[in-house]
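Below: one structure, written as structure tokens.
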Protein chains: 2
Amino acid sequence: MTKAKSAIKNADPGNTKPSATRIQKQNRQIIVEAALLVFSDYGYRGSTVAQIADAANMSKANLLYYFDSKQAVYLSVLEYTLSEWLQPLSEMNPDGDPADEIWRYAKAKLAMSKSKPEASRLFANEILQGAPMIGEFLQTDLRVLLDDRCKVIQQWIDQGKLNSVSPLHLMFFIWATTQHYADFSAQTAFLTDNTDTLFDDAESSLKTLLFNGLLPLKS
Amino acid sequence: MTKAKSAIKNADPGNTKPSATRIQKQNRQIIVEAALLVFSDYGYRGSTVAQIADAANMSKANLLYYFDSKQAVYLSVLEYTLSEWLQPLSEMNPDGDPADEIWRYAKAKLAMSKSKPEASRLFANEILQGAPMIGEFLQTDLRVLLDDRCKVIQQWIDQGKLNSVSPLHLMFFIWATTQHYADFSAQTAFLTDNTDTLFDDAESSLKTLLFNGLLPLKS
DNA sequence: AAAAGAATTGACCATTTGGTCAGTTTATAC
DNA sequence: GTATAAACTGACCAAATGGTCAATTCTTTT
């Protein structure tokens with residue numbers, strides 16, 4: 001995944017720059033990181049090149065010296081963020097204990113929402129707009145990865161190790177609940193008192209719900 | 001709620017128009033409905049007045065004859081959508097069976113995501129951008145409503161009728177999972193085969209997860 | 001240290017976009 | 001039917017924005 005051939009629309013069109021200067025590498029990095037903050041806050045259309053240049057402490061003209069266009073910056077940001085964001089997905093061991101494996105994954109996703117909320121919001125924005133740039137990636141790379149994980153979960157269910165739920169929807173639930181805390185942090189902040197224990201509370205509640213559900217065991 | 005005094009930023013600034021023509025009412029309605037479709041698809045910044053006017057079959061100038069500005073249209077759309085969107089929340093009966101009441105609510109939310117995905121996306125966009133317009137509403141009206149529901153759920157827990165989870169996070173969990181299907185429909189569409197049974201599958205999986213969790217009952 | 005190339009920028013341009021306005025057409029009141 | 005108000009529109013404007021470019025400064029190479 002780190003160096004996948006990128007199903008992101010028009011990303012890196014035959015781009016493997018033969019050589020990149022020290023300053024080039026450095027500035028491209030600075031730009032991409034600044035752009036991540038801006039894009040994740042305002043979405044693609046809502047962000048301006050001037051804003052990004054500002055965040056990168058650089059003139060607009062200079063930014064466009066390193067990237068051909070606003071869209072090129074956006075694509076680079078998506079690419080830069082994607083592998084990191086999906087990493088937890090590749091860490092589910094079919095031979096491990098189902099509950100352990102699923103919980104490790106859910107916990108990793110939740111931790112990610114806490115530590116990299118910008119990444120989550122970036123994708124939330126992109127997908128809300130219909131995933132114009134990463135649509136192909138979703139259909140291909142992610143789809144394959146996800147189908148594989150679903151098969152594993154289905155096995156666990158068939159072996160009676162888990163209650164019968166749709167593996168696909170289980171994944172959706174985990175994504176939805178964990179990313180919610182990043183994507184809708186504006187909302188949760190307005191509705192929560194002690195925001196310092198927010199993620200800990202979320203974690204324990206999620207654990208209970210995910211594995212035991214709401215109904216107490218009738219003795 | 002239907003005629004709350006609206007904690008939406010600058011909505012209806014002393015607006016109670018003494019009289020509204022037949023044509024005025026009709027065209028305002030048409031505009032708001034067209035704008036909902038456009039705003040929910042492209043977000044506030046991503047939408048243009050011309051787009052909305054187009055969707056409403058009306059010249060841009062005429063649209064701005066009915067609304068002072070793009071923002072005024074946006075605020076009207078939010079106001080128009082809000083009460084409808086929150087309606088399920090006000091339908092939880094403290095004296096009913098906890099599981100029934102919660103499930104009725106969750107099911108209503110999921111049905112809403114299916115029937116009114118634009119509304120969900122509209123708010124998702126708004127909240128992603130930091131809820132600049134409905135922030136005050138979230139802090140006041142919604143907060144009060146939510147706190148009340150949480151107290152009810154906490155009672156049920158205290159009575160041993162439900163497992164111990166944070167009521168607040170339970171609500172977040174329900175919101176996240178149900179709205180996911182509207183907000184990220186672009187993603188789910190790319191990752192799902194039979195999209196016609198999508199919501200039914202989601203419903204049954206949600207029910208299992210919400211009430212029984214993943215772990216089978218150990219005998 | 002000087003030549004060559006890379007990096008940087010202010011000024012500028014074309015397009016998009018929110019919003020205005022004078023003037024025309026349509027509906028309503030009498 | 002005619003006067004009055006409401007509804008509607010094309011043309012226009014100013015600001016914002018993505019992107020270009022010639023000219024200048026800084027690095028690197030030899």
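Small disclaimer: the values here were computed from a predicted structure and weren't measured. Convention: sequence-line order gives letters A, B, ...; per-chain numbering from 1.
In this structure, the NZ atom of Lys70(A) is 15 Å from the P atom of dT20(D), given to the nearest Å. Between the OH atom of Tyr65(B) and the P atom of dA5(D) there is a distance of 13 Å, rounded to whole Å. The separation between Gln24(A) atom CD and dT27(D) atom C1' is 12 Å, rounded to whole Å.
Residue-level contact check: Leu64(B) touches the bases, meaning some heavy atom is under 4.0 Å from a base atom.
Asp100(B) and Lys107(B) are not joined by a salt bridge, as no carboxylate oxygen comes within less than 4.0 angstrom of a charged side-chain nitrogen. Ion pairing between a basic and an acidic side chain is recognised when a charged N comes within 4.0 Å of a carboxylate O; Arg121(B) and Glu118(B) show no such pairing. Using a cutoff of 4.0 Å between basic side-chain nitrogens and carboxylate oxygens, Lys116(B) and Glu84(B) are scored as salt-bridged.
For Arg45(A) and Tyr42(B), the positive end is not near the middle of the six-membered ring at less than 6.0 Å and at most 45° from its axis.
In this structure, the side chain of Gln51(A) does not engage the main chain of Val38(A) through any donor-acceptor pair within 3.5 Å. A donor-acceptor pair under 3.5 Å is absent between the side-chain atoms of Thr195(B) and the main chain of Leu198(B), judged by distance alone.
Minimum interatomic distance between Val73(A) and Ala35(A) (heavy atoms only, all atoms of both residues): CG1-CB, 3.5 Å. When every heavy atom of Ile52(A) is checked against every heavy atom of Ala34(A), the shortest pair comes out as O-CB, 4.1 Å.
Taking the 5' to 3' direction, DNA chain C first and last meets chain A under 4.0 angstrom from a heavy atom at dA6(C) to dT17(C).
Remark on DNA chain C: of its neighbouring residues Val49(B) and Arg22(A), the 5'-side contact belongs to Arg22(A), judged by nearest-heavy-atom nucleotide. Between Arg45(B) and Ile23(B), it is Ile23(B) whose nearest contact on DNA chain D lies nearer the 5' terminus.
Close to dA7(D), at under 4.0 Å from its OP1 or OP2, lies no side-chain N or O of Arg28(B).
Listed by residue number, the members of residues 51-63 of chain B with any heavy atom below 4.0 angstrom from DNA chain C are Lys60(B), Ala61(B).
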